[in-house]
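Accompanying notes for the structure given below.
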Amino acid sequence: MSSLRNFFLYKCLFALTFWNRISLSVENELFTSVSNNFPEDGSDKKIKSLPLLRTNSHQSKANFEWVVIQNSTESLSLSEITNDNVEKLVALLSNFRQGSRLQNLTLTNVSVDWNALMEIFQTVWHSSIEYLNIKSVTQLSDIRNYNFDYSGTSMKALTVEKVLITDLYFTQNDLYKIFADMNIEALTIAESDMIHMLCPSSDSPFRYLNFLKNDLTDLLFQKCDKLIQLETLILQKNKFESLSKVSSMTSRMKSLKYLDMSNNLLSHDAADGQCQWAESLTELDLSSNQLMDAVFECLPVNIEKLDLQNNQINSVARGTAELKSLKELNLASNRLADLPGCSGFPSLEFLNIEMNSILTPSADFFQSCPRVRELQAGHNPFKCSCELQDFIHVERQSGGKLFGWPAAYVCEYPEDLRGTQLKDFHLTELACKFHAFVSYSERDALWVKNELIPNLEKGEGRVQLCQHERNFIPGKSIVENIINCIEKSYKSIFVLSPNFVQSEWCHYELYFAHHKLFSENSNSLILILLEPIPPSIVPARYHKLKALMAKRTYLEWPKERSKRALFWANLRAAISINLPMADGRRCGETD
């Protein structure tokens, strides 16, 4: 009896060993060893979805009808999942209970109905799998309510890409509720024509949401206060239209730091009302939308990095934005005619303003933006003229702050200089000075255009005049252009008339020119009296004009034609006094 008992135990042990070896051989057949494509330290797994693994040359269907793309101790990638083999897949995944080493599962070409997909999700939820990636889900039909059990999961991130729903009629909430209430850190649903997503029914653990390339609109997450831990929200390539509604959507997301709204249909108008952003938001991508200048009235106050490239922005109006924390600003591919100042961006360090409409960038940019370490201003249609000389000079003193210099900085105008790099463009200081700046009232413009300009700029000894209609730089303010024109002119001609007295801008021009007169201690002011000005019509605030007319001589425009030749001769003589000559002397000086 003792011998028989020992023989029986021996047979049992042999059978167990035999079946264990068979089981191991089946497992080895299914899990052919390949290199693991995931980092050992698990870096970036908290917020990044698993990449789709490329098909291995050693594919095998075994006896399960699906294709094994990649498998290792920690990762498994299968393809061709259907309703016919989904039960076998569920049975397989059921073996990987919590504590198993399998962490990453990728399923591609999944052609199953709703109930089968839910079975896969439910099985994964109670396994050791932490990262699930599903791509190309078709034939998703019979959508109905499913009592999903989220308890006791190891799951951290789910990525679903390219879902095709074949159901024509189903309750939307049955679909969205499953995803909205998932107790995981990261969820991606991309390229799936998704039109909505429910607010979670309770405080959500989501830290990362990515709804790339769907059909979501301004209705998303309005008045939703359950996404209290959300840090990253990607809504790129959807159908959002109102920037103010987007700001309202974020206002209850107390932890939101990064928001991507690029490639939507966003616009903003001052009539849209005040914007309310999450105070925690520090990085915002609004590129490739339909935003114009008013966008600067609707921006997060604590933003540090802002992308506004590829919109319809013409200018950055001073005083409309006060972004004290902004460090990086991307304004590439807009319609800007000049570099923005830093009055509203005192902490700005990086500015990209490539591919705009800048002909002559302001030379005082680095002076007004002392913290800027890098300026990307290349690939603009630069006008190589005197006004550009100052900017080129600034580059030489900036210590390499111009990104892409010199290759990206090329003359577009004039045509004979097209293609010339800015570093090779040079003009003498004498060539970049006007003989005189002309200030006049618009009501006297016909006299200036028909009499003054033709008589001074034509013929021998022509005079080069700075006139606002042709010499003011687009994109700069009127005051900036006035100061620039006066500073680049040896003399200033003022055409006085009752119209001039009534012009506010003429008063500004006279003020700046008068300031230059005393600062340089020179005789740079020339007064032309086009029409008599009764002292009674000169406002008291024009005391400088009264003083000048009382102390200085002026040329009076004669009504008689016979006296006009002498008038032009005297005017040319007044302009020529102390002007530099080619030999370095000044007109009027003697040996």
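Along the sequence shown, residues carry numbers from 1.
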Tell me if a side-chain donor or acceptor on [X] pairs with a main-chain N or O of [Y] at a distance below 3.5 Å.
| X | Y | result |
| --- | --- | --- |
| Ser287 | Asp285 | no |
| Ser255 | Ile228 | yes |
| Ser280 | Leu256 | yes |
| Ser204 | Lys226 | no |
| Lys491 | Ile575 | yes |
| Asn356 | Glu354 | yes |
| Ser325 | Ile303 | no |
| Asn214 | Leu216 | no |
| Ser251 | Ser248 | yes |
| Asp225 | Arg252 | no |

Which heavy atom of [X] sits nearest to which heavy atom of [Y], and what is that distance?
| X | Y | value |
| --- | --- | --- |
| Gln312 | Asn334 | N-OD1, 3.3 Å |
| Leu230 | Met253 | CD2-SD, 4.0 Å |
| Ala436 | Ile493 | CB-CD1, 3.8 Å |
| His268 | Cys298 | NE2-CB, 3.5 Å |
| Asn264 | Asn238 | OD1-C, 2.8 Å |
| Ser242 | Asp218 | N-OD2, 3.2 Å |

Item to check | Passing candidate, side-chain contact (heavy atoms from CB on, under 4.5 Å) with Ile189, options Lys213, Glu161, Met194 | outcome: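 Among the candidates, only Met194 passes.
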Do [X] and [Y] make a side-chain contact, defined as non-hydrogen atoms from C-beta onward lying under 4.5 Å apart?
| X | Y | result |
| --- | --- | --- |
| Met292 | Asn311 | no |
| Thr188 | Leu212 | no |
| Phe179 | Met197 | yes |
| Tyr413 | Cys411 | no |
| Asp193 | Ile195 | no |
| Glu185 | Phe206 | no |
| Cys199 | Leu227 | no |
| Val372 | Phe366 | yes |

Distance, nearest 0.5 Å, that separates [atom1] of [X] from [atom2] of [Y]:
| X | Y | atom1 | atom2 | value |
| --- | --- | --- | --- | --- |
| Glu279 | Thr250 | CD | OG1 | 10.5 Å |
| Phe240 | Leu219 | CZ | CG | 9.0 Å |
| Phe211 | Ile234 | CZ | CD1 | 10.5 Å |
| Lys327 | Arg373 | NZ | CZ | 8.5 Å |
| Leu339 | Asn380 | CG | CG | 8.0 Å |
| Arg207 | Thr232 | CZ | OG1 | 8.5 Å |

Checklist entry - Regarding Lys433 and the six-membered ring of Tyr490, is the cationic atom NZ or CZ under 6.0 Å from the ring centre and inside 45° of its axis? => result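 The answer is yes, since Lys433 meets both limits relative to Tyr490.
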Is the closest side-chain donor-acceptor distance between [X] and [Y] under 3.5 Å?
| X | Y | value |
| --- | --- | --- |
| Asn499 | Asp444 | yes |
| Tyr131 | Asn133 | no |
| Asp338 | Ser362 | yes |
| Ser288 | Asn310 | yes |

Next on the checklist: Show, in sequence, the C-alpha distance, side-chain angles and deciding distance for Ile453 and Leu465, and conclude whether the side-chain contact (heavy atoms from CB on, under 4.5 Å) test is met.
Outcome noted: CA-CA 8 Å; Ile453 292 177; Leu465 298 175; 4.1 Å; yes
Checklist entry - Do other residues, nucleotides or ligands put more than 12 heavy atoms under 6.0 Å from Arg418 CZ? => result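 Enclosed.
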Checklist entry - With a cut-off of 6.0 Å (strictly less than), are more than 12 heavy atoms of other residues, nucleotides or ligands near CD of Gln290? => result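 Counting neighbours around CD of Gln290, more than 12 heavy atoms of other residues, nucleotides or ligands fall under 6.0 Å, so yes.
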Salt bridge or not for [X] and [Y], using N-O below 4.0 Å?
| X | Y | result |
| --- | --- | --- |
| Lys401 | Glu374 | no |
| Lys383 | Glu412 | no |
| Lys156 | Glu130 | yes |
| Glu349 | Arg371 | no |

Item to check | Audit row: Leu266, Val246, side-chain contact (heavy atoms from CB on, under 4.5 Å) steps and yes/no | outcome: CA-CA 9 Å; Leu266 288 173; Val246 169; 3.9 Å; yes
Item to check | Derivation and outcome, side-chain contact (heavy atoms from CB on, under 4.5 Å), residues Phe437 and Ser439 | outcome: CA-CA 7 Å; Phe437 163 65; Ser439 174; 3.9 Å; yes
Next on the checklist: Pair Leu326, Leu329 - check side-chain contact (heavy atoms from CB on, under 4.5 Å), show working.
Outcome noted: CA-CA 7 Å; Leu326 186 64; Leu329 176 59; 4.1 Å; yes
Checklist entry - Can you say whether the rings of Phe391 and Phe382 are parallel (under 30°), tilted (30 to 60°) or perpendicular (over 60°)? => result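 Rings of Phe391 and Phe382: parallel, under 30°.
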